[in-house]
Structures are given as structure tokens and as C-alpha cells.
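When a residue number appears, it is its place in the shown sequence, counting from 1.
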Amino acid sequence: MLRIAIPNKGSLSGPASAMLHEAGYQQRKESKELVLVDPANEVEFFYLRPKDIAIYVSAGRLDIGITGEDLLVDSGAGAEPILPLGFARSTFRFAAKPGTATSVEDLAGRTIATSYEGIVAKFLAERGIDASVVHLDGAVETAIELGVAQVIADVVETGTSLRNAGLEVFGEPIMTSEAVVIRRTGAETDDPKVQQFLRRLQGVLVARSYVMMDYDCRVEHLEKAVALTPGLESPTVSPLHHEGWVAVRSMVAAKEAQRIMDDLYELGARAILTTAIHACRL
């Protein structure tokens with residue numbers, strides 16, 4: 001069986017399980033379950049702490065895993081991302097008291113507090129910056145006020161928490177991150193079970209990004225309509241009972257669907273419908 005590591009809690013857990021469910025895999029019903037066997041799909045899922053997943057995968061104990069790219073980098077484990085999953089996106093930034101730092105060069109000689117020591121150490125080493133890094137588990141915003149550090153490095157979403165603590169971000173982002181599928185560095189790339197798993201997840205990503213659009217159109221307007229809905233290869237066009245009309249079906253990007261419907265209506269298309277795509281293979 002394919003052995004896969006899944007986050008057991010936190011912001012990665014729910015979206016990862018939801019994506020796997022959409023991909024046709026069984027998922028646990030109780031949060032206390034640590035192992036779940038899906039015999040129909042020949043997969044065994046192991047629910048682990050997100051920070052530990054890269055370690056298990058790099059050791060070869062598990063074939064692949066889903067974790068945050070930030071956690072992979074922070075672990076320093078011998079594993080690599082093979083598929084971005086589009087959720088749990090985050091950005092890591094430096095922050096300090098206003099006026100005390102404006103660029104990453106100002107980090108030299110400073111002490112930086114963070115929960116992601118591996119990420120920060122890698123960033124500093126790549127730029128040849130000599131600074132001290134202090135590891136804290138959570139609430140790093142208070143480190144400056146308490147004199148533990150002059151700078152913090154943390155996940156920044158809106159920046160509200162930092163502003164409330166009297167801090168402001170500066171310099172370039174340390175890194176951006178999202179959920180990824182990872183494997184051991186150097187592992188075989190053509191394992192059929194792994195490839196099938198990746199195809200299923202890719203199918204979910206496409207299904208979430210596209211809708212199926214159907215509409216009726218006059219033949220004389222067909223070329224302009226098809227230009228609006230080219231599909232992945234080309235749209236399906238079928239004649240209707242009423243002469244001079246055709247039915248068109250095509251995949252369109254979900255975020256563009258409403259605009260395309262408006263343009264089609266202005267072109268004279270009618271009975272314009274969109275339906276969700278639950279699964280696909282391209």
C-alpha cells in the first residue's frame with residue numbers, strides 16, 4: 001500500500017482531508033484516529049503532527065506526505081515538494097519597532113525571535129547576514145517588548161497583530177508558502193501509485209478552478225462565442241432542433257464565468273448555464 005502522511009490538526013488538516021475526500025479517498029471520522037486504511041484505493045493514511053511529516057517522509061518511513069512548504073523548509077529534512085495544493089497560503093516577514101530597521105541588511109548583529117528558526121537561518125545564510133536567532137513557540141510579537149530580541153520573523157496575513165503590538169514589517173518577504181505534497185529527495189519519480197495519487201489531486205485542483213458552461217447560440221455568432229469559451233481543447237458544438245441554432249458546451253475558468261456569461265448574452269446567446277465540476281482528468 002501507498003503510505004501517506006496527513007496533518008492531524010491545525011490549518012492544514014481540514015483542507016487536506018477535504019481534498020482527499022474529493023479525490024475519492026476515505027478519511028477518518030474521529031480526530032483520535034492515527035491510522036486509516038483505505039483498501040479500495042490501496043492507501044494507508046498516517047495522521048501526524050504537521051511539523052513531523054517532512055521528517056518521516058525524508059526517513060523513507062512514509063512514501064509521501066501533505067504539509068506546509070514552510071514546515072518542510074523549517075525542518076531541514078531531506079524531502080522536496082512535488083505538487084502545490086493551493087491552500088494554507090502564507091507569507092513570512094520580518095518586523096520591528098518603527099524606525100529601527102528598513103532592510104534585511106539592518107539585521108546584521110541583531111537578535112531575531114521566531115517560531116521558524118530553520119526558515120530564518122536559511123534566509124540569513126543565503127544572504128551572508130550574521131545575526132542571532134532565538135526560537136520561541138508562538139506569541140513572538142512580545143519578544144521585542146520583553147527585550148528578548150530586536151526583530152521578529154513570523155507569518156503575516158493582514159498585519160493587524162503586528163500593528164497592535166507596535167511593530168511594522170520591513171524588507172523583502174522571507175518566503176511564501178502553501179500546502180504541498182512532498183516526497184523523499186531522490187525518491188523514484190515514476191512510481192505508478194504515487195502518479196495516480198498526484199493525478200487525482202490535480203483533478204481536484206482543476207475541478208475547483210473550472211466550471212462547465214452550456215449555452216445556445218445562433219450559428220452566425222458561433223465563432224465569436226467560441227472565442228469567449230475556447231475550452232481546454234475546443235468546445236463541443238451540437239445542432240439544435242430549431243434551424244440556425246447550436247448548443248455549446250465548454251470548460252471555463254470559474255473566476256471568469258460571470259463576465260463570460262455577460263458577454264455571451266450581449267452576443268445573443270441564451271439558456272446560459274454553469275455547473276460545478278466534481279472530478280476530472282486532463
* Please check if the side chain of D52 supplies one atom and the backbone of L48 the other of a donor-acceptor pair under 3.5 Å. => no
* To do: Report yes if the side chains of F92 and T114 come closer than 4.5 Å at any heavy-atom pair, otherwise no.
  => no
* Indicate, with yes or no, if L2 and I66 share a hydrophobic cluster defined by side-chain heavy-atom contacts under 4.5 Å among Ile, Leu, Val, Met, Phe, Trp and Tyr. => yes
* Side-chain donor or acceptor of D214 paired with backbone N/O of L273 under 3.5 Å -> no
* Asked: Between P39 and Q26, what is the shortest heavy-atom contact and its length?
  -> CD-NE2, 4.3 Å
* If two hydrophobic side chains count as joined below 4.5 Å and joins carry through other members, does F46 share a cluster with V194? -> no
* Salt-bridge test for K32 and E30: reply yes if a basic N is under 4.0 Å from a carboxylate O, no otherwise. => no
* Heavy-atom side-chain contact between T229 and Y215 under 4.5 Å -> yes
* Can you list the steps and then say if L20 with F197 is a side chain to side chain contact (heavy atoms under 4.5 Å, CB included)? -> CA-CA 9 Å; L20 291 168; F197 179 79; 3.5 Å; yes
* Asked: Under 6.0 Å from the six-membered ring centre of Y265 and within 45° of its axis: does the NZ or CZ of R270 meet both?
  -> yes
* Determine, stepwise, if the pair R3 / D63 fulfils salt bridge (charged side-chain N to carboxylate O under 4.0 Å, His left out). => CA-CA 5 Å; R3 294 157 63 88; D63 300 303; 5.3 Å; no
* Sidechain-backbone polar pair: S58 side chain, A77 backbone, donor-acceptor under 3.5 Å -> no
* **Pairing of D263 and R259 as salt bridge, 4.0 angstrom limit** => yes
* Structure fact -> Closest non-hydrogen contact found for M175 with V73 is CE-CG2, 4.2 Å
* To do: Report yes if some heavy atom in the side chain of E44 is under 4.5 Å from a heavy atom in the side chain of V35; otherwise report no.
  => yes
* Between Y116 and F123, does the ring centre distance come in under 6.0 Å? -> no
* Structure fact -> When rounded to the nearest 0.5 Å, the distance separating CD1 of I119 from OG of S177 is 7.0 Å
* **Close side-chain approach of V246 and D216, heavy atoms under 4.5 Å** => no
N/O donor-acceptor pairs under 3.5 Å from side chains in residues 275-282, not counting sequence neighbours:
none

* Asked: Take atom CD in E233; do more than 12 heavy atoms of anything else shown fall under 6.0 Å from it?
  -> no
* **Between T185 and E80, a side-chain donor and acceptor under 3.5 Å** => no
* **Shortest non-hydrogen separation from I112 to I152 and the atoms involved** => CG2-C, 4.2 Å
* To do: Kindly indicate whether the side chain of V120, heavy atoms from C-beta on, has any atom under 4.5 Å from the side chain of L124.
  => yes
* Asked: Relative to Y25, does R200 satisfy both conditions: NZ or CZ under 6.0 angstrom from the six-membered ring centre, and within 45 degrees of the ring's axis?
  -> yes
* ring-ring contact (aromatic ring centres under 6.0 Å, His included) partners for Y47, two or more places apart -> none
* Enter the distance from M261:CE to E256:CD here, rounded to the nearest 0.5 Å. => 13.5 Å
* Asked: In Å, rounded to the nearest 0.5 Å, how long is the span from CZ of R28 to OG of S17?
  -> 6.0 Å
* To do: Identify whether L62 and L83 are in the same connected component of the hydrophobic contact network (ILVMFWY, side-chain heavy atoms under 4.5 Å).
  => no
* To do: Evaluate the side-chain proximity of M213 to M251: yes if any heavy-atom separation is below 4.5 Å, no if none is.
  => no
With a 3.5 Å cut-off and sequence neighbours excluded, list the donor-acceptor pairs that the side chains of residues 235-245 form with protein atoms.
none

* Asked: Looking only at atom types and distance, does a side-chain atom of R184 sit under 3.5 Å from a main-chain N or O of G60, one as donor and one as acceptor?
  -> no
Show me, pair by pair, the donor-acceptor contacts under 3.5 angstrom made by side chains of residues 129-150, not counting sequence neighbours?
| from | atom 1 | to | atom 2 | distance (Å) |
| --- | --- | --- | --- | --- |
| H135 | NE2 | D137 | OD1 | 2.9 |
| T142 | OG1 | A139 | O | 3.0 |
| E145 | OE1 | K97 | NZ | 3.4 |
| Q150 | OE1 | T111 | N | 2.8 |

* To do: Please report the C-alpha distance between I64 and I182 in whole Å, then the side-chain angles of each, then the deciding distance to 0.1 Å, and finally whether the side chain to side chain contact (heavy atoms under 4.5 Å, CB included) criterion is met.
  => CA-CA 6 Å; I64 53 179; I182 65 170; over 6 Å; no
* Which residues pass the side-chain hydrogen bond (donor to acceptor under 3.5 Å, both in side chains) test with R127, sequence neighbours left out? -> E172
* To do: Report, as yes or no, whether the 6.0 Å neighbourhood of atom OH on Y210 holds more than 12 heavy atoms from other residues, nucleotides or ligands.
  => no
* Close side-chain approach of I174 to T91, heavy-atom, < 4.5 Å -> no
* Where do D154 and F94 land on the side chain to side chain contact (heavy atoms under 4.5 Å, CB included) test, with the steps shown first? -> CA-CA 7 Å; D154 202 7; F94 291 110; over 6 Å; no
* To do: Report yes or no: do L36 and V181 belong to one cluster of Ile/Leu/Val/Met/Phe/Trp/Tyr joined by side chain heavy-atom distances under 4.5 Å?
  => yes
* Kindly give the heavy-atom pair with the smallest separation between L167 and A95, and that separation in Å. => CB-CB, 4.4 Å
* If you take all heavy atoms of V57 and G65, which pair is closest and at what distance? -> CG2-N, 3.9 Å
* To do: Check whether I260 and V226 end up in the same hydrophobic cluster, where Ile, Leu, Val, Met, Phe, Trp and Tyr are linked by side-chain heavy atoms less than 4.5 Å apart.
  => yes
* To do: Would you mind reporting whether I53 and L71 have side-chain heavy atoms less than 4.5 Å apart?
  => no
Distance-only check: which donor-acceptor pairs under 3.5 Å involve side-chain atoms of residues 4-14, not counting sequence neighbours?
| from | atom 1 | to | atom 2 | distance (Å) |
| --- | --- | --- | --- | --- |
| S13 | OG | P7 | O | 3.2 |

* **Lys/Arg N to Asp/Glu carboxylate O, E126 vs K122, below 4.0 Å** => yes
* Check for a donor-acceptor pair, side chain of T67 on one end and backbone N or O of P50 on the other, with a separation under 3.5 Å. => yes
* How many angstroms lie between atom CD of Q27 and atom CD of E33, to the nearest 0.5 angstrom? -> 10.0 Å
* Would you find more than 12 non-hydrogen atoms of other residues, nucleotides or ligands less than 6.0 Å from Y56 atom OH? -> no
* **Check against side chain to side chain contact (heavy atoms under 4.5 Å, CB included), L201 and M19** => CA-CA 7 Å; L201 295 191; M19 176 171 279; 3.8 Å; yes
* Would you check if the side chain of D38 reaches a backbone N or O of V43 as a donor-acceptor pair within less than 3.5 Å? => no
* Asked: Nearest 0.5 Å, what's the CZ-CD1 distance between R61 and I55?
  -> 14.0 Å
* Structure fact -> In short, F170 meets A96 closest at the heavy-atom pair CE2-CB, 3.8 Å
* Structure fact -> Distance col, row E69:CD vs D74:CG, nearest 0.5 angstrom, shows 12.5 Å
